[in-house]
Amino acid sequence: MTDITASSVPVTDVVPTRSRFSIHIAVFLAPALAIYTLFSIYPLIDTIRLSLYAGDETGARSFVGLQNFYTLLTDPNWSGQFWNAFSNNLIFFAIHMVVQNGIGLGLAMLLSLPRLTGGSVYRTLIFLPTMLSVVIIGFIWQLMLNPLWGIAPSLLKAAGLGSLFGPWLGQESTALLTVSLISVWQFVGIPMMLIYAALLNIPDDLLDAATVDGAGPFSVFWFVRLPLILPTLGVVSVLTFVANFNAFDLIYAIKGALAGPNFSTDILGTFFYRTFFGFQLQVGSPTMGAAVATAMLIIILIGVLIYLFGVQRKLQRHSF
């Protein structure tokens, strides 16, 4: 017998495979990348570039570096309006975080009940204002809250609460709160649907096990459901932050570019509009407007980075 050794066995050459970037991937990505670059990346970069220039009476622009931001934050002609708009924006955001997301969470919990009948109808009715035009929303609420011919005084009077009514949109102390609650009414359907989808993804086995162990409805929500939807609540919070610090249209539709009375409803969006385009006696300044837009971008980036590095990491660490 002939011994067969390992050396006599032919060994086939193994050619290492190299990952290649398929050309069809670039073909499919190119249109979206081109559109995104043209309408998002380029305007963003050009806005930042424009914020570093200043224009004179002749229209000529010269490079001034960070002087526009220094003027915006310290010059009495600009800083008062900027800090007023920024503080109003913080209040606007806080109302949405507490009221809108709180109501959205409560509605999502109710709609996720297994024995609820007509849940799809309720979801549609609550989400419907989100799809309406902001101009229509602003016009309708102005008519409803008008002290002369609005229906709000009559409704409150019929309910025995007529003494509570006032010109809420015309008073400095209540205008911002009123506009914020109108915005909450319109957009509460968005957090509701996001949280509702997260609640539906919770396995029924976990809820049944908690119920068998003797947990009540509140305990099941607090110790089982709430920890599982924390990532979704984090996403809802950061979306609320970005949307509110980009807000403009509703306040402009209700109170105009001056965001009255006496700039009590002025936020960064309306302040940017008046600065860039000008309004009435205020002359527009594209360079200062670009500085305001860049400041808004920096504020939003800081808020998003705080969420990504301060909140999301903790949520991922405690996620199941």
Side-chain angles (χ1 to χ4, degrees), residues 33-93 134-135 138 172 175-176 179 183 238-308:
L33 182 61
I35 294 175
Y36 184 74
T37 302
L38 180 62
F39 293 102
S40 295
I41 301 299
Y42 172 73
L44 176 63
I45 296 175
D46 194 60
T47 299
I48 298 175
R49 180 196 63 82
L50 185 61
S51 66
L52 305 177
Y53 286 78
D56 54 18
E57 297 178 354
T58 63
R61 294 171 183 170
S62 58
F63 182 80
V64 294
L66 301 178
Q67 181 62 40
N68 289 334
F69 298 97
Y70 181 79
T71 302
L72 183 65
L73 298 177
T74 60
D75 192 303
N77 296 325
W78 293 97
S79 60
Q81 297 184 60
F82 174 78
W83 291 115
N84 174 67
F86 178 69
S87 60
N88 288 340
N89 227 145
L90 287 177
I91 298 173
F92 192 72
F93 164 67
V134 176
V135 177
E172 294 184 25
L176 181 61
V179 174
S183 178
V238 73
L239 290 177
T240 304
F241 176 80
V242 173
N244 281 277
F245 274 88
N246 276 323
F248 164 76
D249 44 9
L250 183 62
I251 292 182
Y252 182 80
I254 296 178
K255 304 303 297 182
L258 291 177
N262 195 22
F263 302 105
S264 59
T265 59
D266 194 21
I267 59 175
L268 292 176
T270 51
F271 176 56
F272 160 75
Y273 177 86
R274 294 195 312 272
T275 302
F276 193 96
F277 298 101
F279 190 77
Q280 293 184 358
L281 297 179
Q282 182 176 350
V283 180
S285 174
T287 54
M288 286 300 298
V292 175
T294 305
M296 294 171 61
L297 173 64
I298 294 173
I299 293 171
I300 293 173
L301 283 179
I302 292 174
V304 173
L305 290 176
I306 290 175
Y307 165 76
L308 291 178

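Treat the numbers as computed from the prediction; the structure is a model and nothing was measured.
In this pair, Phe245 and Phe93 present their aromatic rings tilted. The plane angle is within the 30 to 60° band.
Listed here is the closest heavy atom pair of Leu33 and Thr37: O-OG1, 2.7 Å. Ala295 and Phe82 make their closest contact through CB-CE1, 4.3 Å (heavy atoms, listed as atom of the first residue, atom of the second, distance). Nearest heavy atom pair, residue Pro43 against residue Leu38, reads CD-O, 3.3 Å. Closest heavy-atom contact between Asn68 and Tyr53: ND2-O, 2.6 Å. Closest of all the heavy-atom pairs between Ile251 and Ile267 is CD1-CD1, 3.5 Å. The shortest heavy-atom contact between Thr47 and Thr294 is O-OG1, 3.9 Å.
Counting heavy atoms from C-beta on, the side chains of Lys255 and Thr270 never come closer than 4.5 Å. Considering only heavy atoms from C-beta on, Trp83 comes within 4.5 Å of Leu73 through its side chain. Between Tyr70 and Leu66 the shortest side-chain heavy-atom distance does not fall below 4.5 Å. Between Leu268 and Ile299 there is a side-chain heavy-atom pair separated by less than 4.5 Å.
Rounding to the nearest 0.5 Å gives a distance of 7.5 Å between CE of Met296 and CZ of Phe272. The OG1 atom of Thr265 sits 11.5 Å away from atom CD1 of Ile91, with the distance rounded to the nearest 0.5 Å. Within the model, atoms OH of Tyr252 and OH of Tyr273 stand 3.5 Å from one another, a figure rounded to the nearest 0.5 Å. Once rounded to the nearest 0.5 Å, the distance linking CZ of Arg274 with CZ of Phe279 reads 9.0 Å. Atom CD1 of residue Ile298 and atom OG of residue Ser51 lie 8.0 Å apart, to the nearest 0.5 angstrom. Note that CD1 of Ile254 and CG of Asp249 are 10.0 Å apart. Values are rounded to the nearest 0.5 Å.
Checked by atom type and distance alone, the side chain of Asn88 pairs as donor or acceptor with a backbone atom of Asp266 at under 3.5 Å.
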Residue pair Phe263, Leu258: steps toward the side chain to side chain contact (heavy atoms under 4.5 Å, CB included) verdict: CA-CA 6 Å; Phe263 302 105; Leu258 291 177; 4.2 Å; yes

Worked verdict on Leu90 versus Phe86 for side chain to side chain contact (heavy atoms under 4.5 Å, CB included): CA-CA 6 Å; Leu90 287 177; Phe86 178 69; 3.7 Å; yes

Could you go through the side chain to side chain contact (heavy atoms under 4.5 Å, CB included) check for Leu72 and Thr275 one step at a time? CA-CA 11 Å; Leu72 183 65; Thr275 302; over 6 Å; no

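Of the listed residues (Asn246, Asn244, Thr240), just one forms a side chain to side chain contact (heavy atoms under 4.5 Å, CB included) with Val242, and that residue is Asn246.
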